[in-house]
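Below you'll find the structure, written out as structure tokens, and then a few comments.
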Number of protein chains: 2
Amino acid sequence: MPANNLAEKVASLRFLFNPRSIAIIGASQNPAKPSGQPLIALQKNNFPGKIYPVNPRYQELRGLKCYSALKAIPEEVDMAIIAVEVSAVLEALEECGQKGVKAVVVFTSGFAEVGGKGIKLQKEMTDLTKKYKFRLLGPNCMGIFSARNSLWADFPLMDAPEDILIPDYFGFITQSGGFGCILYEVIKAQRIGFSHFVSTGNEADIEFSEIIAYMADDAYTKVIGGYMEGVKDGTLFFQAAEKALEKEKPVILIKTGRYETAARAAASHTGAMVGSDRVYDAFFRQKGIIRVDSIDELTALLLITAAGKIPRGNRVGILSASGGTGVLLADKCAEYGLEVVSLAEETQEKIKNLLPDFASYANPVDLTSAIVPKPGLLYECAHVVSADPNIDALLICFYNLGVNEDILNQIIKAAKASEKTIVNIVWGDENICQKQIRYLNDQFVPAAREMGVAVKALSNLIEYNSRRQLFLQEKSVSPVPLKAKEDVATILAKIAPTAKLTEEEAKQILKTYDIPVTEEEIATGPEEAVAAAARIGYPVALKILSPDILHKTEAGGVKLNLDTPENILAAYKEIITNASAYQPDAKIKGVLVQEMLPAGVETIIGISRDPVFGPVVMFGLGGIFVEVLEDVVLRVVPLTKSDAYEMIEEIKGRRILDGVRGQSPVNKSAIAEVILKVAQLAQDFPQIKELDINPLICSDKGVWAADALIVLQ
Amino acid sequence: MPANNLAEKVASLRFLFNPRSIAIIGASQNPAKPSGQPLIALQKNNFPGKIYPVNPRYQELRGLKCYSALKAIPEEVDMAIIAVEVSAVLEALEECGQKGVKAVVVFTSGFAEVGGKGIKLQKEMTDLTKKYKFRLLGPNCMGIFSARNSLWADFPLMDAPEDILIPDYFGFITQSGGFGCILYEVIKAQRIGFSHFVSTGNEADIEFSEIIAYMADDAYTKVIGGYMEGVKDGTLFFQAAEKALEKEKPVILIKTGRYETAARAAASHTGAMVGSDRVYDAFFRQKGIIRVDSIDELTALLLITAAGKIPRGNRVGILSASGGTGVLLADKCAEYGLEVVSLAEETQEKIKNLLPDFASYANPVDLTSAIVPKPGLLYECAHVVSADPNIDALLICFYNLGVNEDILNQIIKAAKASEKTIVNIVWGDENICQKQIRYLNDQFVPAAREMGVAVKALSNLIEYNSRRQLFLQEKSVSPVPLKAKEDVATILAKIAPTAKLTEEEAKQILKTYDIPVTEEEIATGPEEAVAAAARIGYPVALKILSPDILHKTEAGGVKLNLDTPENILAAYKEIITNASAYQPDAKIKGVLVQEMLPAGVETIIGISRDPVFGPVVMFGLGGIFVEVLEDVVLRVVPLTKSDAYEMIEEIKGRRILDGVRGQSPVNKSAIAEVILKVAQLAQDFPQIKELDINPLICSDKGVWAADALIVLQ
């Protein structure tokens with residue numbers, strides 16, 4: 001889907017977020033029912049537009065004229081909320097279409113999430129949105145509120161908070177209404193203001209990704225959050241994620257399905273198609289989406305971002321009021337990839353002058369209990385350490401028996417004076433902690449109760465920032481000339497669709513994209529094989545050539561290191577016999593005579609098509625590593641150069657590429673090049689369903705595709 | 001160290017926990033100083049014994065006669081608290097010794113933790129404890145309190161809590177005084193009573209492990225906790241851990257140093273010798289010690305154990321008030337190894353009758369918002385699900401806008417009626433959560449705010465319980481007859497101490513312990529090699545035989561698959577040439593002619609000596625797996641049978657042992673046997689410093705030590 005399509009989609013959401021008039025179809029006077037709540041909320045929050053209750057049972061509702069039907073409303077209606085029985089929904093939508101309504105919110109359940117007939121009903125619903133060109137939120141959703149627009153088209157009644165620290169800050173999207181409501185209450189209690197809250201339900205029309213894109217464009221929303229079980233359209237998600245990166249709106253998601261069991265539960269919970277979580281996880285990393293596992297982590301991120309300072313790197317200083325606490329905190333930093341570096345000598349000198357003999361001046365700095373009696377000491381230490389050029393951020397962990405405002409004020413003073421992020425961990429009795437945390441947060445000095453939560457949040461934010469910098473610097477460009485694409489198109493045009501290509505055909509395609517392949521020739525008889533070997537040079541390998549045999553080694557169809565004509569003659573015979581025994585109906589085209597490559601590390605590069613994200617590139621170490629340890633890494637196409645390099649560094653066995661047992665390190669740039677070219681192939685040719693280069697032999701001199709498999713769809 | 005030694009040590013701690021009289025040497029009238037605090041605390045908490053302040057500056061302190069010196073006290077003194085300057089400590093200890101004091105607590109800092117002269121001072125301190133046979137806590141510690149004995153020999157002033165849910169429940173030991181104080185406040189706020197609190201400081205005499213053993217014996221303490229940076233004596237720790245297992249006292253530790261950086265910080269914080277964290281971690285698993293990463297996890301465990309029900313297995317049911325929440329919780333369960341199983345059909349039927357159409361009856365059970373309006377519904381559902389025979393424990397995640405006592409009472413009613421553990425996760429505004437959690441905990445119905453914390457705690461407890469059952473069922477017994485030990489002793493007696501053994505010698509030792517080794521003979525010349533091959537049977541391998549060459553392959557000293565006399569003659573010559581070139585001064589004894597083994601999986605089994613724990617057995621997959629992925633698992637000797645089997649299942653690449661690429665699964669029992677025998681060798685012969693069987697070839701038919709290395713110390 002082209003990006004301008006996304007822009008169009010976003011533009012069409014205008015009336016969902018900011019309607020001038022709202023009809024509530026099925027409006028009820030019962031405040032306990034979803035159908036009774038939007039009217040109360042709209043009135044209470046002074047919605048500036050017109051409100052039209054629609055229900056033939058009432059003449060009037062809460063002081064407003066109640067209409068018998070939508071068409072009875074004399075004026076234009078921008079938004080309709082539908083809160084009628086499932087059997088009456090489609091008719092109501094027809095009426096909306098005829099009335100020219102622009103945005104519809106459907107609370108009603110009983111569609112795709114119940115399966116069977118519900119799926120059919122939902123399909124008809126989607127068709128109606130296309131017929132009448134209105135946008136639809138839901139069904140089976142809790143609606144939307146948009147604080148700045150005083151729009152509360154949702155249930156249950158969510159109170160607008162009275163005491164907001166930072167208004168219109170956070171935009172939230174949820175695929176579970178219930179979870180969204182809980183999250184709203186938790187975040188609200190931290191006094192972080194919501195710009196918008198959107199419950200997308202079954203997504204019969206409006207998708208999660210569109211709302212991300214809308215919020216990325218929105219001037220007020222600074223951070224976007226969400227609860228996601230899965231998206232239907234990976235391309236749209238890709239574009240929305242890039243838009244959010246571009247506009248510097250961090251996207252923080254709670255995504256279920258990290259473990260298979262849970263993914264199954266999610267599948268039964270909504271009608272969304274849930275792709276493999278591994279692909280989602282790779283995509284999140286690729287596009288700087290921060291994945292969190294709890295509401296606490298999300299809250300910590302909101303508080304740190306609200307302070308407005310993003311650390312430039314991952315080097316941290318630690319100040320603690322007990323040695324043991326400092327050590328624990330250093331442990332957490334190591335766990336989440338933050339470096340507890342040595343402080344500059346000058347800093348250490350200054351600390352030595354400030355602190356008594358038994359404190360530790362190294363990083364972590366142990367303030368001991370000296371901070372309590374000595375006025376201003378904590379500020380001095382925090383000031384000195386945060387100014388150290390060796391560190392990018394400062395972590396302070398302290399403990400108070402009571403709410404000691406003097407201690408807190410010292411921290412606030414140091415934080416205000418520093419251009420670096422200072423994150424606090426406050427320990428002790430929960431009640432007292434909460435008060436202290438609130439005191440600090442009131443001044444935009446981020447604080448949390450749990451070390452792991454604070455450190456992980458800081459680390460995630462640093463990772464987000466570096467990802468964003470990379471994104472701004474580079475765009476994905478084709479690593480091959482247009483001519484190559486045309487040539488491959490010609491080759492593919494000659495092959496029957498849905499065919500498995502022979503190794504030779506597959507390699508020809510790779511070669512056209514300038515991917516190094518082993519030198520080789522086809523031989524249809526033993527003497528031809530000997531002649532080919534003479535041209536290629538001894539020793540050679542012989543491999544069975546058959547579109548029907550995918551696993552050549554298993555079929556006994558591979559012979560290596562053949563160094564004489566006699567050996568070749570014998571091997572030829574054996575291979576043909578083995579292959580015929582292995583699969584009697586296999587079409588055998590002969591053998592491939594192949595140069596023997598220098599010893600190297602076997603890797604594997606492949607393409608598969610994900611039902612959500614489309615083409616996905618895989619890289620890993622070959623053989624047992626991929627089979628047993630599943631030591632592979634994924635990225636969604638298209639890739640940038642840094643994506644390719646990151647893939648190589650992300651495998652667990654990466655040390656093998658750096659050279660073990662006295663071997664030279666392999667040429668990683670050459671691997672990255674192949675990854676990029678394979679990704680480009682996937683992008684250029686949707687008919688390539690699967691591609692495997694296995695193995696890609698890697699040495700210090702270069703890389704060679706020793707075997708290749710392409711399956712068309 | 002024999003176990004009766006531990007019993008003696010524990011007995012000698014009697015006066016530390018329950019002295020009849022206490023002298024405070026250096027007692028001060030300043031309540032802000034450590035020297036001023038014990039007297040206040042002892043008086044406030046009505047210590048039943050005698051208190052003798054000692055300080056020549058006062059005649060009287062807080063209504064008590066103050067003595068000029070310890071010897072001036074006319075009666076017996078069981079305990080002395082030393083709170084004088086570092087320069088006066090040794091003299092005070094001399095006086096304690098002469099007076100016959102039984103237990104000394106040293107607050108004073110400035111010993112091993114400052115290095116240099118401090119280390120020497122501490123050594124003299126340890127010597128005095130031996131000379132006078134008193135026990136010493138510290139130095140550089142915050143002392144001890146023992147609630148039941150009204151003993152408060154500590155600083156800073158820790159208030160005995162007024163409102164205790166469960167008195168004398170938790171015994172805590174800390175190597176960081178500051179961290180211990182923080183933890184005390186946090187746990188106290190949860191109203192869990194401490195039986196004892198011991199800050200061990202530098203451990204010049206009394207060690208962490210002794211206190212564990214004391215608390216294991218203590219009738220009141222039900223759970224033992226600790227903050228640990230490292231122990232000095234692994235054997236003592238081993239015995240103490242087993243005693244705690246035997247007495248059913250879970251040991252829950254926060255242990256620093258999981259990551260290297262943090263371990264370095266810990267090393268600079270105390271004088272304790274910190275061993276490799278990997279060994280600690282293996283040991284914890286081996287002996288059922290629960291390792292936690294935060295105080296919250298510890299608190300959750302205390303609350304769950306206090307409910308008095310330990311789940312028999314890891315199958316859980318989930319009840320949640322929102323579908324999304326249930327999915328998230330299922331994710332967490334998968335992460336921590338709990339199984340979200342299908343409920344019995346009968347249970348599903350019952351739930352269906354209780355819940356409206358749109359809820360989910362599978363596990364997780366989605367109660368939807370139906371629980372609020374329908375009285376008693378939550379109880380009914382919890383009751384039905386907890387009674388399901390398919391599950392061992394129930395997790396309930398709910399959310400209330402206010403403190404809804406009716407909802408809470410339903411949960412309590414269900415929990416009381418069930419013999420299974422019901423753990424609650426309460427979400428929402430922190431303030432309200434806290435009140436709800438307290439309401440539940442008051443009734444011993446465990447509740448926490450964070451999913452991850454609750455699920456991990458439950459999982460840890462289940463793991464602890466299964467570990468304890470195993471411990472009760474089996475004891476480690478020698479897998480070899482006494483005769484084997486005598487024979488190896490004879491072999492070793494012939495070899496010079498500290499020597500590296502030849503492969504042949506090493507294999508002879510393994511063979512004596514009935515570990516299968518490759519059939520082989522020594523040959524000192526090429527013709528001898530040919531003759532040996534004829535006896536062993538072709539094909540054979542030739543390997544250089546030299547005590548000076550440890551890495552034979554690197555030295556070009558190995559030739560495989562030799563199938564003719566000619567090949568053997570050539571290989572012999574080449575090996576000798578290579579080895580001489582590789583290490584000209586190497587003493588070459590000839591070659592080993594060895595049977596070629598069937599193809600199999602290469603594993604590695606070894607012994608090393610840990611500075612803390614002594615002999616440690618390692619098992620892993622050989623080759624690149626051990627070198628690059630460090631896919632190895634450790635256990636501390638002695639091992640039980642289940643330890644050996646667990647080691648095999650714990651490696652990441654375990655699937656290789658089950659047979660990949662069409663191979664048969666290897667004989668795991670045979671591997672376990674070798675692990676046990678190697679462990680026994682380590683236990684029987686302290687002079688074996690290192691042992692490596694690399695590779696141990698494993699197939700479905702058996703295992704063979706193809707190469708072996710033994711280094712004596």
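Per chain, numbering begins at 1; letters A, B, ... match sequence-line order.
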- Contact origin within A/E630 toward chain B - heavy atom pairs under 4.5 Å: side chain
- Among B/R655, B/R449, B/E430, B/K652, which has the most heavy-atom pairs under 4.5 Å with chain A? B/E430
- Message: Is B/E335 close to chain A through its backbone or its side chain, or both, or neither, when contacts mean heavy atoms under 4.5 Å?
- Response: both
- Using non-hydrogen atoms and a 4.5 Å limit, figure out which bit of A/L329 sits close to chain B: side chain, backbone, both or neither. neither
- Taking all non-hydrogen atoms of both residues into account, name the closest pair between B/T256 and A/D331 and its distance. CA-OD2, 3.3 Å
- Item | Rounded distance [0.5 Å steps], CG in B/D366 versus OG in A/S176 | 8.0 Å
- chain B contacts, top residue of A/I254, A/L629, A/V660, A/D631 (heavy-atom pairs, under 4.5 Å): A/L629
- Mind listing the closest non-hydrogen atom pair of B/S294 and A/E450 along with its distance? CB-OE1, 3.5 Å
- Note on the structure: To the nearest 0.5 Å, atom OG1 of B/T325 lies from atom CG of A/L183 at 10.0 Å
- Between B/D293 and A/K332, is any pair of side-chain heavy atoms under 4.5 Å apart? yes
- Query: A/F179 and B/S322: which non-hydrogen atoms are nearest, and at how many Å?
  - Reply: N-OG, 3.4 Å
- Message: Please find the pair of heavy atoms, one from A/D429 and one from B/A189, that lie closest to each other, and give the distance.
- Response: OD2-CB, 3.2 Å
